[in-house]
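Scroll down for the structure; my scribbles are underneath it.
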Amino acid sequence: MFSIFSTETLDLFSAFSSISSRLHSMASPYLLLLLLIPVLPLIFLLVLAFLARPRPAKVPVKGRHVFITGGSSGIGLAMALQAASEGARVSILARNQAKLEEARDTIRLATGKEVTILSADVRDAESVARAIEEAGPIDILIANQGVFIPQELELQDMKEIRFQVEVNLMGTFHLIKAALPGMRQNTRKTGLPASIAIISSQAGQVGVYGYTAYSASKFALRGLAEALQHEVISDKIHVSLVFPPDTETPGLAEEQKRRPELTNLIVASSGGMKADAVAKKALDGIKSGTFIVSCNFEGVMLAIATAGLSPQSSYLTAFFEVFGAGFMRFVGLCFQWNWFTIIEKFNAKNNRS
Ligand SMILES: NC(=O)C1=CN([C@@H]2O[C@H](COP(=O)(O)OP(=O)(O)OC[C@H]3O[C@@H](n4cnc5c(N)ncnc54)[C@H](OP(=O)(O)O)[C@@H]3O)[C@@H](O)[C@H]2O)C=CC1
Ligand SMILES: CCCCCCCCCCCCCCCC(=O)[C@@H](N)CO
């Protein structure tokens, strides 16, 4: 007689059913526990979905006013280009008028869009306020201006230390203070979520040789951003903090002329990126209302290792943070081991130890 089961299959089948019936009568609590193993993470994901705050949001870019500082060069210019091509009304602010005009021409040529250019120094609160007044109420503020002058603290002039803190940190205060009242009014009127994005650096997540002043200015932005998110969430304003690695920009080319050898060696732990790719990550983060925005794989690891008590809207990222924390601390210690070994060897070779 024809059967779809071979004798082996039937044997296996009867063996399995006799085992399972035995298990069923003897050990059903264990089976239940076994079943729970895959279910538990799912339950935990549900808990995290309940906990994640601020709640996930979509911040539209099309048809909205995007204001970008440092928009005449590098990452800022790349963001301005992308925002303009996505149908935003874009304003860019920087000091140098000639570079601003050049950026405006570049954007017009690439997208056919006209951007507003504003010449101001972010260190001057009054001219920042005037520029923002002139540009009109903002929906998406991107504080991207930044200066980086790497040097060992002992060798660096106080003038250069102050310069970095003033542009990177104080400049960001001036911008947010000037833009916030108009942004609140705008979100109340339109009901649409808005965004304040701040461009930090991976050197704002981990201190790096040669970056005492720069890292301090960028770490400070995190405190600003975390506290600010509490203060603006009731008006649907989402804060994003972007942490790029070394990025090919005119600023980086300038920096590399005087970067200490040890800074180069340590910074190489994270892969470099193109300005366009960083701009895309930043805009995607802004549009999804993401608080911590990483740009490359090393950046994702850094974000998990330094999650701290930051806001987290994504339950999936929260899941990786909770279960990755211990392991990523270990990976971080391996990196620190490597960096201290590099420093030790370098200083021994150069008779500096
Ligand atoms: N490139 C990199 O490797 C990385 C950069 N970053 C950060 O990304 C941001 C952009 O960097 P990047 O594109 O490389 O920089 P660039 O040097 O290429 O461009 C900097 C921009 O900021 C403007 N700017 C500088 N100082 C002031 C000021 N006082 N007031 C107003 N505008 C100012 C510049 O215009 P002007 O000089 O005319 O004022 C320019 O438009 C910075 O915050 C930087 O710290 C973070 C990680 C890595
Ligand atoms: C837990 C595992 C962590 C693993 C990855 C660690 C990598 C850290 C590298 C730090 C790179 C800092 C780049 C700063 C670039 C910058 O801001 C300058 N170009 C100035 O603008």
Side-chain angles (χ1 to χ4, degrees), residues 68-80 92-103 117-124 127-128 131 142-150 163-164 166-172 174-175 197-211 213-215 217-218 221 241-256 259 263-276 278-279 282 294-307 324-336 338-339:
I68 308 171
T69 63
S72 63
S73 172
I75 298 170
L77 175 57
M79 289 190 289
I92 57 177
L93 178 147
R95 288 165 305 180
N96 187 302
Q97 177 73 19
K99 271 202 312 188
L100 280 165
E101 283 168 12
E102 204 182 306
I117 58 174
L118 304 143
S119 169
D121 188 324
V122 293
R123 289 174 292 171
D124 177 357
S127 50
V128 167
I142 309 182
N144 159 81
Q145 90 290 342
V147 286
F148 26 99
I149 314 166
F163 176 59
Q164 293 179 77
E166 262 164 18
V167 174
N168 301 356
L169 177 62
M170 298 316 292
T172 302
H174 295 155
L175 280 163
I198 299 173
I199 312 301
S200 178
S201 158
Q202 287 183 354
Q205 294 174 297
V206 56
V208 173
Y209 186 104
Y211 280 148
Y214 181 66
S215 276
S217 75
K218 293 295 191 180
L221 292 172
L241 243 188
V242 185
F243 294 104
D246 253 359
T247 307
E248 284 172 35
T249 67
L252 180 69
E254 240 354 88
E255 180 196 5
Q256 267 163 347
R259 195 139 90 170
T263 307
N264 271 328
L265 291 170
I266 294 172
V267 161
S269 309
S270 190
M273 287 179 78
K274 297 229 184 284
D276 282 344
V278 170
S294 309
C295 300
N296 61 0
F297 178 68
E298 292 86 343
V300 172
M301 292 202 292
L302 266 172
I304 295 172
T306 63
F327 179 66
M328 279 307 160
R329 175 61 180 141
F330 176 75
V331 176
L333 289 171
C334 296
F335 272 90
Q336 284 294 353
N338 178 237
W339 294 333

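Just the heavy atoms: all of them, side chains too, but no hydrogens, waters or symmetry mates, feed the values below. Counting convention: from 1, in listed order, for ligands and their atoms alike.
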Would you call Ser294 and Phe243 a side-chain contact if the rule is heavy atoms closer than 4.5 Å? no
Relative to atom 10 (C) of ligand 1, which among Asp121, Asn144, Leu100 owns the nearest non-hydrogen atom? Asn144
of all protein heavy atoms, closest to atom 3 (O) of ligand 1 is Thr247 N, 2.7 Å
In terms of residue, atom name and distance, what is the protein heavy atom nearest to atom 9 (C) of ligand 2? Ser270 CB, 3.8 Å
From Gln256, Arg95, Met273 - option closest to atom 37 (O) of ligand 1 by heavy atom: Arg95
Shortest protein heavy-atom distance from atom 5 (C) of ligand 1, along with the residue and atom involved: Ile75 CD1, 3.9 Å
Does any N/O atom on Trp339 come nearer than 3.5 Å to any N/O atom on ligand 2? no
Any atom of ligand 1 sitting under 4.0 Å from a heavy atom of Tyr214? yes
Nearest non-hydrogen protein atom, atom 23 (C) of ligand 1: Gly70 CA, 3.5 Å
Distance to 0.1 Å, residue and atom name: give those for the protein heavy atom nearest to atom 18 (C) of ligand 2. Tyr211 OH, 3.2 Å
Under 3.5 Å, is there a donor-acceptor pair between the side chain of Thr172 and the main chain of Ala143? no
Before signing off on this row, confirm whether Ser201 and ligand 2 have an N or O atom pair separated by under 3.5 Å. yes
Side chain, backbone, both or neither: which applies to Lys99 and ligand 1 if a contact is any heavy-atom pair less than 4.0 Å apart? side chain
Out of curiosity, is Glu166 lining ligand 1, as in a heavy atom under 4.0 Å away? no
How does Lys218 reach ligand 1, by side chain, by backbone, by both or by neither, if only non-hydrogen atoms under 4.0 Å count? side chain
Indicate yes or no: does an N/O atom of Asp246 lie under 3.5 Å from an N/O atom of ligand 2? yes
min-distance protein heavy atom vs atom 46 (C) of ligand 1 -> Ser200 O, 3.2 Å
Gln202 N/O under 3.5 Å from ligand 1 N/O: no
Quick check: does Ser269 get an N/O under 3.5 Å from an N/O on ligand 2? no
Atom 24 (N) of ligand 1: which protein heavy atom is closest, and how many Å away? Gln145 CB, 4.1 Å
I'd like to know if Ile199 contacts ligand 1, where contact means a heavy-atom distance under 4.0 Å to any ligand atom. yes
Does Ser201, backbone or side chain, put an N or O under 3.5 Å from an N or O of ligand 1? no
Protein heavy-atom partner closest to atom 48 (C) of ligand 1 - residue, atom, separation in Å: Pro245 O, 3.1 Å
What protein heavy atom lies closest to atom 31 (C) of ligand 1? Include the residue and the distance to one decimal. Ala120 O, 3.5 Å
Identify, for atom 44 (C) of ligand 1, the protein heavy atom at the shortest distance, and state residue, atom and that distance. Phe148 CE2, 3.5 Å
Min heavy-atom dist Ala275 to ligand 1 below 4.0 Å: no
At the 4.0 Å heavy-atom cut-off, does Pro250 count as touching ligand 1? yes
So which bit of Val167 gets within less than 4.0 Å of ligand 1, heavy atoms only: side chain, backbone, both or neither? side chain
